[in-house]
Amino acid sequence: MQTSAVPDLAHTHARPAHWLATATAMSAVVALAGLLQPDHAGAGESGGREAATAAAAAPAPAPDATGVELPLECGGAPTVVVKQATGDLDGDGGPETVVAARCEAGSGTPPSGIYVLAGSRAGEPRVVATLLEPARRQSAGELAVRDGVVTALLLGYSSPDVPRCCPDEREAVKWQWIGGKFVESGEDGDDTGSV
């Protein structure tokens, strides 16, 4: 008789207790794997976690300038928004709206005010900053928001003799939220003030 090179496997005769222990262990592994699945596992389910997360993470829309009372003194004449741009200016993930507005006039170019609008807790738009005071006697030729920076081309007059239809001075400026306030700088980056 030849002896086997394989050791005696007496424990291969399974008993019901062995099968029960194996089934319990496998159930625990499957349950643990179900708990540790990545979030995208429920993507195919209608009403899954991803849909709820995406809806909750969607930012509120930018504030609408329509109907917002702007701090312009127009002597009873209506105000008109001539330019607007939107973007996240303070890094909170929600967009703000920047508007250039002036008094409505029959002729000439009244000075502009440039204002930042944000939503209140109730969702109503409100003015949170004035970037350009109308007292500077300039109007906004261009207005944009890119990467949290407001840029504008301001038009003005070199003297009172220049007709108000035809500004003869141009100034490129930008405003950026730094240290809890808007800091104004010229095209070359020189700091000109803060709001």
Side-chain angles (χ1 to χ4, degrees), residues 52-157 160 162-187 189-195:
T53 303
D64 183 8
T66 307
V68 175
E69 195 166 325
L70 301 171
L72 284 167
E73 294 180 22
C74 295
T79 61
V80 60
V81 173
V82 292
K83 308 265 186 225
Q84 77 177 31
T86 61
D88 182 7
L89 301 178
D90 56 5
D92 68 352
E96 286 79 29
T97 300
V98 181
V99 297
R102 61 177 173 79
C103 298
E104 193 171 283
S107 62
T109 307
S112 297
I114 299 180
Y115 308 100
V116 177
L117 307 178
S120 67
R121 290 184 184 189
E124 296 297 318
R126 60 189 173 92
V127 176
V128 294
T130 300
L131 303 180
L132 177 69
E133 290 281 354
R136 284 178 52 179
R137 314 275 318 142
Q138 294 175 306
S139 57
E142 296 173 11
L143 182 68
V145 174
R146 286 185 195 91
D147 299 324
V149 178
V150 179
T151 58
L153 177 63
L154 303 179
L155 308 174
Y157 306 93
V162 176
R164 293 298 164 226
C165 67
C166 312
D168 63 341
E169 292 186 336
R170 300 166 98 68
E171 179 185 6
V173 296
K174 61 183 180 178
W175 294 271
Q176 188 169 9
W177 185 256
I178 299 172
K181 61 187 172 200
F182 285 101
V183 176
E184 180 181 344
S185 58
E187 188 174 78
D190 290 340
D191 186 1
T192 59
S194 60
V195 189

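- Here the closest heavy-atom approach between residue P63 and residue T97 is recorded as O-OG1, 2.6 Å.
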*Does the pair W175 and L89 meet the rule for a side chain to side chain contact (heavy atoms under 4.5 Å, CB included), with working shown?*
CA-CA 9 Å; W175 294 271; L89 301 178; over 6 Å; no
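- A distance of 14.0 Å separates CZ of R137 from CG of L154, quoted to the nearest 0.5 Å.
- The distance from atom CG of L72 to atom OG1 of T130, rounded to the nearest 0.5 Å, is 9.0 Å.
- For E169, the CD atom sits in a packed shell: over 12 heavy atoms of surrounding residues, nucleotides or ligands are nearer than 6.0 Å.
- Here the CD-CG distance, from E124 to D64, works out to 10.5 Å after rounding to the nearest 0.5 Å.
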*Go through the steps to decide whether L143 and V150 satisfy the test side chain to side chain contact (heavy atoms under 4.5 Å, CB included), and finish with yes or no.*
CA-CA 7 Å; L143 182 68; V150 179; 3.9 Å; yes
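- Separation of atoms OG1 (T151) and CD (E142) is listed at 8.0 Å; rounding is to 0.5 Å.
- By the 6.0 Å contact criterion, CZ on R136 is enclosed, its count of non-hydrogen atoms from other residues, nucleotides or ligands being greater than 12.
- Taking the side chain as every heavy atom from C-beta outward, V99 and Q84 approach each other to under 4.5 Å.
- One distance of note links CD1 of I114 with CZ of F182; it measures 12.0 Å at 0.5 Å rounding.
- C165 and P167 get closest at one heavy-atom pair: O-CD, 3.5 Å.
- Contact detail for P95 and P61: the closest heavy-atom pair is CG-C, 3.9 Å.
- Between E184 and L131, the closest side-chain pair of non-hydrogen atoms is not below 4.5 Å.
- By the 4.5 Å heavy-atom criterion applied to side chains, Y115 and V98 are not counted as neighbours.
- Looking only at distances, a side-chain donor or acceptor of S112 sits under 3.5 Å from a matching main-chain atom of A140.
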*side chain to side chain contact (heavy atoms under 4.5 Å, CB included) between V68 and R126: does it pass, once the steps are laid out?*
CA-CA 7 Å; V68 175; R126 60 189 173 92; 6.0 Å; no
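- Taking every heavy atom of both residues into account, A77 and E104 meet most closely at CB-O, 3.9 Å.
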_Verdict with reasoning, L117 to L70, per side chain to side chain contact (heavy atoms under 4.5 Å, CB included)_ = CA-CA 10 Å; L117 307 178; L70 301 171; 4.3 Å; yes
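- When all heavy atoms of C103 and P110 are compared, the closest pair comes out as O-CG, 3.3 Å.
- To the nearest 0.5 Å, atom CG of residue D88 and atom CD of residue E96 are 5.5 Å apart.
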